[in-house]
> 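Submitted below is the structure of interest, expressed as structure tokens.
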Amino acid sequence: MSIDNIISQATADAVKALYGVDILPSSIAPQTTKKEFEGNLTIVVFPFLKASRKNPEITAQEIGQYMLDNCNAVKDFNVIKGFLNITIEPAFWAGVLIHINETPDYGFKAETSDSELVMIEYSSPNTNKPLHLGHVRNNLLGFSLSEIMKANGYKVVKTNIVNDRGIHICKSMLAWQKWGDGITPSKAGKKGDHLIGDFYVLFDKKYKAEIKALIESGLSQEDAEKSSKLMLEAREMLRLWETGDQNVRSIWQMMNEWVYAGFDETYSRMGVNFDKIYYESNTYLEGKDKVLEGIENGIMYRKDDGSVWADLTADGLDHKLLLRGDGTSVYMTQDIGTAKLRYQDYPIDKMIYVVGNEQNYHFQVLSLLLDKLGFKWGKDLVHFSYGMVELPEGKMKSREGTVVDADDLMDEMITTAKETSAEMGKLSNCSEAEANDISRIIGLGALKYFILKVDPRKNMTFNPKESIDFNGNTGPFIQYTYARIQSVLRKTSEANIDMNVDFNGIQPNEKEIAIIQRLADFPSIIEEAGKSYSPAQIANYVYDLVKEYNQFYHDYSILKESDEQVRAFRILLSKNVGNIIKRGMSLLGIEVPSRM
RNA sequence: GGUCCGGUAGCUCAGUUGGAUAGAGCAACAGCCUUCUAAGCUGUGGGUCGCGCGUUCGAAUCGCGCCCGGAUCACCA
């Protein structure tokens, strides 16, 4: 039983004994006492005034006195206005630390046979260009969210829906056919996704030139776009693809393989992965049945031109198109189809879509439609919506070359980490391989932490220069603290310090108590982050813990402490801070180095 | 115009189901390396929590109205 629960229970008991009123202990949430006041936990007594019919000070005084007399965890109390500050018996804190130390999966709930299954969709790239900064935010959020849900005891299936068909892919294919001269990724010495991306850009360039020429020959913008030969060829290719034309399909197959090989490399470097990948080429025809079923059930209706719609005005939204007049699917229909396939594959209880906030409306509609169509998780599907990543110079525009490529970005981060470390002389005692590994961990940690610490809903500015600043609320700062703790532990074992010490009667000081209190918060932080789907809460918690520990680390000698009991206690405390840092960072998909 | 989301220090951001005098980092200035890793620590300065009204013992937090910024409102995905 946690200290919080003990105090909540004791408070409820006190109110019952003093005023004869029943209060649910769970409705009382003790908060950590502010630094400027004495005590560890604070109870706000205003809610009890109706029961006590006395003023706040007297009420707090009475409850405090009762708790002091009847609860052995309470050592002392003081009252300021309506705030009852309780000092916990220091020996209890030692017990809390020992409990944390002895609980291997502290803070993580285990998956059980009746755990709910949550499917998390993230990444969802197009196969016509490499991943960029926007995908990085998506991937990091999606992966972290998966880890957080697992820690909350859910069964998690990570999924990726790859947009592998459509006019954009045909553009790349066409450009490769026309100007590629049979080049392949290995011949070009280039990752496949980058190669395809180059052809996509090339298409756009040639297309623009064609349009420009047509306009100069006297056509209007609109007419020029209509009569562009390139675009017509691309459309024809898409048509052939849809009829299953062998030639087009085999080029498509080959080029997609190149792209997937490139993506795999990027994903694996980024440290993200998937349990199940869906391809739009397999799912894009699937939604039709469901929609037709919807017509029979009166959920959808058909217009005179043959198109099919859903009327969502009763839910405050508009009419939504689901099938075109010619019977083909739109985006929404495909998502319904994908949902159908997924539900055939897995007994989904909960579905989370990690998709940018420009699609908020889409998911509002999807949720309603899936619900109406009988998907049990439709109504409560979570659109984990995140804001755009902007650059200091403004928005990213692929045409203007201001897109930050994911691979380049990771390279840059790792290189900078290595240079910075070398400048500080940190890597002088390492082998080359070790130095590279540490640089990789630090560089990627800096990137990941910088992105994940921000509330996902907010648009954020990614400043490449500032992200490589290793000071303050950053990944490297946290990693550094972890590395120092590992150093302390190494020295502990080198010096053969006996850790089998009886901690009976130990009196942790204020700073130690503050750290233990924070460690004890870990489970509720994970739970909260799982409810609000927020990796940022984990990130900021870990930072607070590290900050608190750093002060302690600088104020007290740990290994030099002469009192064996105190020394062992401080080593134990450090070890557990290290453990929690590691677990917290693992929820963000960030590694921690044992030295740096 | 309709809908959704943001607005907290010069900058980047926290702020736990409404709680005490709103917190970090960066930037600026002043200190601290014979002591477990100085990528660190300590101190100083910096605020109309977008604006107003309301709800109550108490509002950055909840409600209503307005202002600013973003997204979206396609037979694109």
Side-chain angles (χ1 to χ4, degrees), chain A residues 27 29 31-34 36-37 42 44 46-47 49 55-56 80-83 85 124 126 163 165-168 280 284 305-309 316-318 321-326 328-332 334-335 356-362 364 385 387-388 390 392 395 417 420-421 423-424 426 442 446 450 453-455 457-463 466-467 469-474 476-481 483-492 495 521 524-525 528-529 531-532 536-537 539-541 543-544 547 550-561 570-571 574 595-596:
Chain A
S27 70
Q31 41 199 293
T32 48
T33 304
K34 296 221 166 197
E36 53 270 35
F37 302 104
T42 297
V44 182
F46 288 108
L49 298 185
N55 74 38
I80 296 166
K81 291 194 269 181
F83 299 91
N85 300 320
S124 311
N126 292 351
N163 182 9
R165 60 160 287 279
I167 189 74
H168 46 291
E280 224 176 74
Y284 82 111
D305 64 359
S307 58
V308 177
W309 297 73
L317 302 175
D318 290 327
L321 176 83
L322 291 162
L323 290 176
R324 298 186 182 103
D326 63 7
T328 55
S329 298
V330 294
Y331 179 39
M332 186 62 70
Q334 293 172 30
D335 256 358
N357 63 11
E358 69 275 8
Q359 293 194 29
N360 284 356
Y361 183 75
H362 173 80
Q364 229 179 315
S385 165
M388 308 179 66
E390 287 164 22
K395 286 184 188 169
T420 311
S421 303
E423 263 170 44
M424 293 174 164
K426 295 277 178 186
I442 296 171
F450 189 88
K453 74 173 178 187
V454 181
D455 183 336
R457 283 170 305 185
K458 288 185 175 172
N459 288 352
M460 66 175 293
T461 306
F462 180 79
N463 186 330
E466 270 179 31
S467 73
D469 188 347
F470 291 68
N471 292 313
N473 189 356
T474 63
F477 170 60
I478 293 164
Q479 291 170 322
Y480 175 63
T481 303
R484 279 194 308 196
I485 290 171
Q486 299 318 300
S487 176
V488 168
L489 297 179
R490 273 194 299 272
K491 299 214 152 124
T492 299
D521 279 342
S524 63
I525 297 290
E528 185 55 36
K531 277 184 197 151
S532 54
Q537 289 182 6
N540 286 297
Y541 163 80
Y543 175 66
D544 286 343
K547 195 91 178 78
N550 263 319
Q551 292 168 17
F552 167 77
Y553 182 93
H554 280 267
D555 285 1
Y556 298 93
S557 306
I558 297 172
L559 297 171
K560 301 270 154 62
E561 171 62 44
R570 288 183 180 165
I571 292 169
S574 301
R595 65 179 76 214
M596 65 187 271

> Side-chain N or O of A/K453 less than 4.0 angstrom from OP1 or OP2 on B/A14?
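Negative; the distance criterion is not met.
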> Pick the P atom in B/C11 and in B/A20, then give their distance to the nearest Å.
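It works out to 26 Å between them.
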> So, does A/K458 get its side chain near the phosphate of B/G7, meaning an N or O under 4.0 Å from OP1 or OP2?
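The answer is yes; a side-chain N or O of A/K458 sits under 4.0 Å from OP1 or OP2.
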> Nearest whole Å is fine: how far is B/A74 C1' from A/L322 CG?
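After rounding, the gap between these two atoms is 14 Å.
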> Between A/L323 (CG) and B/C76 (C1'), how many Å, whole number?
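So the CG-C1' distance, A/L323 to B/C76, works out to 16 Å.
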> Checking contacts here: which listed nucleotide (B/U42, B/C76, B/C36) is nearest the side-chain heavy atoms of A/K491?
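Looking only at heavy atoms from C-beta outward on A/K491, the closest nucleotide is B/C36.
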> Using a heavy-atom cut-off of 4.0 Å across all strands, would you classify A/T328 as base, sugar-phosphate, or nothing?
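Counting heavy atoms under 4.0 Å across all strands, no contact is made by A/T328.
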> Closest heavy-atom contact between A/I485 and A/S574?
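Closest approach of A/I485 to A/S574: CG2-O, 3.2 Å.
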> With rounding to the nearest 0.5 angstrom, report the CD to OG1 distance, A/Q479 to A/T474.
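Going from the CD atom of A/Q479 to the OG1 atom of A/T474 covers 8.0 Å.
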> Can you check whether A/H362 reaches A/M332 side chain to side chain, under 4.5 Å on heavy atoms?
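With C-beta onward as the side chain, the pair touches.
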> With a 4.0 Å limit, can you tell me whether A/R324 has a side-chain N or O closer than that to the phosphate oxygens OP1/OP2 of B/C76?
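Answer is yes, contact under 4.0 Å.
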> Starting from the 5' end of RNA chain B, give me the residue, A/E528 or A/K81, whose nearest nucleotide shows up first.
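Nearest nucleotide further toward 5': that of A/E528.
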> Categorize A/N85 for me: base, sugar-phosphate, or nothing, with a 4.0 angstrom heavy-atom threshold over every strand shown.
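Base: the residue A/N85, judged by heavy atoms under 4.0 Å, touches a nucleobase.
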> Return the nearest nucleotide to the side chain of A/Y543; candidates are B/A77, B/A14, B/A24.
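From the listed options, B/A24 comes nearest.
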> Of the listed nucleotides (B/C36, B/C75, B/A39), which one gets closest to any side-chain atom of A/V488?
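Side chain of A/V488 sits closest to B/C36.
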> For B/C36 and A/S557 - does any side-chain N or O of the residue sit under 4.0 Å from the phosphate oxygens OP1/OP2?
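False: A/S557 side-chain N/O out of range (4.0 Å or more) of B/C36 OP1/OP2.
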> Between A/T481 (side chain only) and A/F477 (backbone N and O only), is there a donor and an acceptor less than 3.5 Å apart?
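Yes, because the side chain of A/T481 sits within donor-acceptor range (under 3.5 Å) of the backbone of A/F477.
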> B/G47 and B/A24: how far apart are their P atoms, nearest whole angstrom?
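Nearest-Å result for B/G47 against B/A24 at atom P: 15 Å.
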> Quickly work out the A/Q31 CD to B/G23 P distance and round it to whole Å.
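Going from CD in A/Q31 over to P in B/G23 covers 14 Å.
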> What do you reckon, do A/F477 and the base of B/G40 stack, with centroid distance below 5.5 Å and planes below 30°?
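No, the aromatic ring of A/F477 does not stack with the base.
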> Using the six-membered ring for Trp and the full ring for Phe, Tyr or His, decide whether A/Y480 stacks on the six-membered base ring of B/U37 (centres under 5.5 Å, planes under 30°).
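The ring of A/Y480 is not stacked on B/U37.
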> Work out how far the C1' atom of B/U12 is from that of B/G46, and round it to whole angstrom.
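Looking at atom C1' only, B/U12 and B/G46 are 16 Å apart.
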> Any base atoms under 4.0 Å from A/M460, or only sugar-phosphate, or nothing? Heavy atoms, all strands.
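Sugar-phosphate, no base atom in range.
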> B/A39 base to A/T474 side chain: any donor-acceptor pair below 3.5 Å?
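Absent.
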> Distance check, C1' atoms only: B/A22 and B/A9, in whole angstrom units.
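Each nucleotide's C1' atom is 11 Å from the other's.
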> Is it the case that B/A38 (base atoms only) and A/N471 (side chain only) share a donor and an acceptor within less than 3.5 Å, ignoring hydrogens and angles?
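There is none.
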> Distance only, no hydrogens: is a donor on one side chain within 3.5 Å (strictly under) of an acceptor on the other, for A/E528 and A/Y541?
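Short answer, no.
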> Rounded to whole Å, please give me the gap between CE in A/M424 and C1' in B/G40.
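Going from CE in A/M424 over to C1' in B/G40 covers 10 Å.
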> Between A/N459 (side chain only) and A/G387 (backbone N and O only), is there a donor and an acceptor less than 3.5 Å apart?
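Here the side-chain-to-backbone pair does not exist.
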> Using the closest heavy atom to pick a nucleotide of RNA chain B for each, name whichever of A/I442 or A/T33 lands nearer the 5' end.
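The residue closer to the strand's 5' end, by nearest nucleotide, is A/T33.
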> Determine whether any donor atom in the side chain of A/T42 lies under 3.5 Å from an acceptor atom in the base of B/A20, or the reverse, and answer yes or no.
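Between B/A20 and A/T42, which were checked side chain against base, a qualifying N/O pair under 3.5 Å is present.
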> B/U12 C1' sits how many Å from A/D455 CG, rounded?
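So the CG-C1' distance, A/D455 to B/U12, works out to 14 Å.
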> Determine, for A/R324 against A/D326, whether the closest basic-nitrogen to carboxylate-oxygen distance falls under 4.0 angstrom.
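Answer for the salt bridge query: no.
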> Which nucleotide sits closest to the side chain of A/Q551: B/C41, B/A39, B/A20?
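Of B/C41, B/A39, B/A20, B/C41 is nearest to the side chain of A/Q551.
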> Using the P atom on both, measure B/G45 against B/G1 and round to a whole Å.
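Here B/G45 and B/G1 have their P atoms 45 Å from each other.
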> To the nearest angstrom, how far is A/E36 atom CD from B/A20 atom P?
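It works out to 9 Å between those atoms.
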> Regarding A/Y556, tell me which of base, sugar-phosphate or nothing describes its non-hydrogen contacts under 4.0 Å with the strands shown.
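Base contact.
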> Of the options B/A14, B/U17, B/C5, whose atoms approach the side-chain atoms of A/R457 most closely?
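Output: B/C5.
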> The side chain of A/N360 is closest to which nucleotide in this list: B/U17, B/C4, B/G40?
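Of all the options, the side chain of A/N360 is nearest to B/C4.
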> In whole angstrom, give the distance that lies between atom CD of A/E358 and atom P of B/C73.
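My rounded result for the distance is 10 Å.
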> Tell me if the side-chain of A/K34 makes a donor-acceptor pair with the base of B/U21, cut-off 3.5 Å, by modelled atom types.
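Side chain to base: no pair present.
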> Among B/A38, B/A14, B/A71, which nucleotide has an atom closest to any side-chain atom of A/M388?
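Selected nucleotide (nearest to the side chain): B/A71.
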> Please classify the nucleic acid contact of A/G325 as base, sugar-phosphate, or nothing, using heavy-atom distances under 4.0 Å.
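Touches a base.
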> Just how far is it from atom CD of A/Q537 to atom CG of A/D455, taken to the nearest 0.5 Å?
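If I round to the nearest 0.5 Å, the distance is 8.5 Å.
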> Which of these nucleotides, B/U17, B/C13, B/A77, is closest to any side-chain atom of A/V454?
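Within the option list, the nearest is B/C13.
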> Select one nucleotide: of B/U17, B/A14, B/G19, the one nearest the side-chain heavy atoms of A/P47.
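For the A/P47 side chain, the nearest candidate turns out to be B/G19.
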> B/A77, OP1 or OP2 - any side-chain N/O from A/R165 closer than 4.0 Å?
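No, A/R165 has no side-chain N/O under 4.0 Å of OP1/OP2 on B/A77.
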> Using every non-hydrogen atom in the two residues, find where A/V330 and A/L322 come nearest and quote the distance to one decimal.
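That closest heavy-atom pairing would be CG2-O, 3.7 Å.
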> For B/C57, does the glycosidic angle fall within 90° of 0 (syn) or outside that (anti)?
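The base of B/C57 is oriented anti (glycosidic angle more than 90° from 0).
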> Quick one: does A/L49's side chain get under 4.5 Å of A/N55's, heavy atoms only?
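Not in contact.
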> Any side-chain N or O of A/K547 under 4.0 Å from OP1/OP2 of B/C41?
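Affirmative; the distance criterion is met.
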> Taking B/U37 as the reference, what is the distance to B/C26 when you measure between their C1' atoms (whole Å, please)?
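Straight-line distance between the two C1' atoms is 23 Å.
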> Considering only B/A20, B/A39, B/A71, which nucleotide approaches the side chain of A/F83 most closely?
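That would be B/A20.
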> Check this for me: does the side-chain of A/D305 come within 3.5 Å of the base of B/C75 through a donor and an acceptor?
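Such a pair is found, so the answer is yes.
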> Taking the C1' atom of each, how far is B/G18 from B/G58, in whole Å?
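Result for the C1' pair: 8 Å, nearest Å.
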> Starting at CG of A/L321 and ending at C1' of B/C75, how long is that distance when rounded to a whole Å?
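A/L321 atom CG is separated from B/C75 atom C1' by 5 Å.
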> Could you measure between the two C1' atoms, the one in B/G43 and the one in B/G52, and give it in whole Å?
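One C1' to the other, the span is 39 Å.
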> Using centres under 5.5 Å plus planes under 30 degrees as the test, is A/Y553 stacked with B/G40?
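So A/Y553 does not count as stacking on the base.
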> Is there a side-chain contact between A/K531 and the phosphate of B/U16, meaning an N or O under 4.0 Å from OP1 or OP2?
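The answer is no; no side-chain N or O of A/K531 sits under 4.0 Å from OP1 or OP2.
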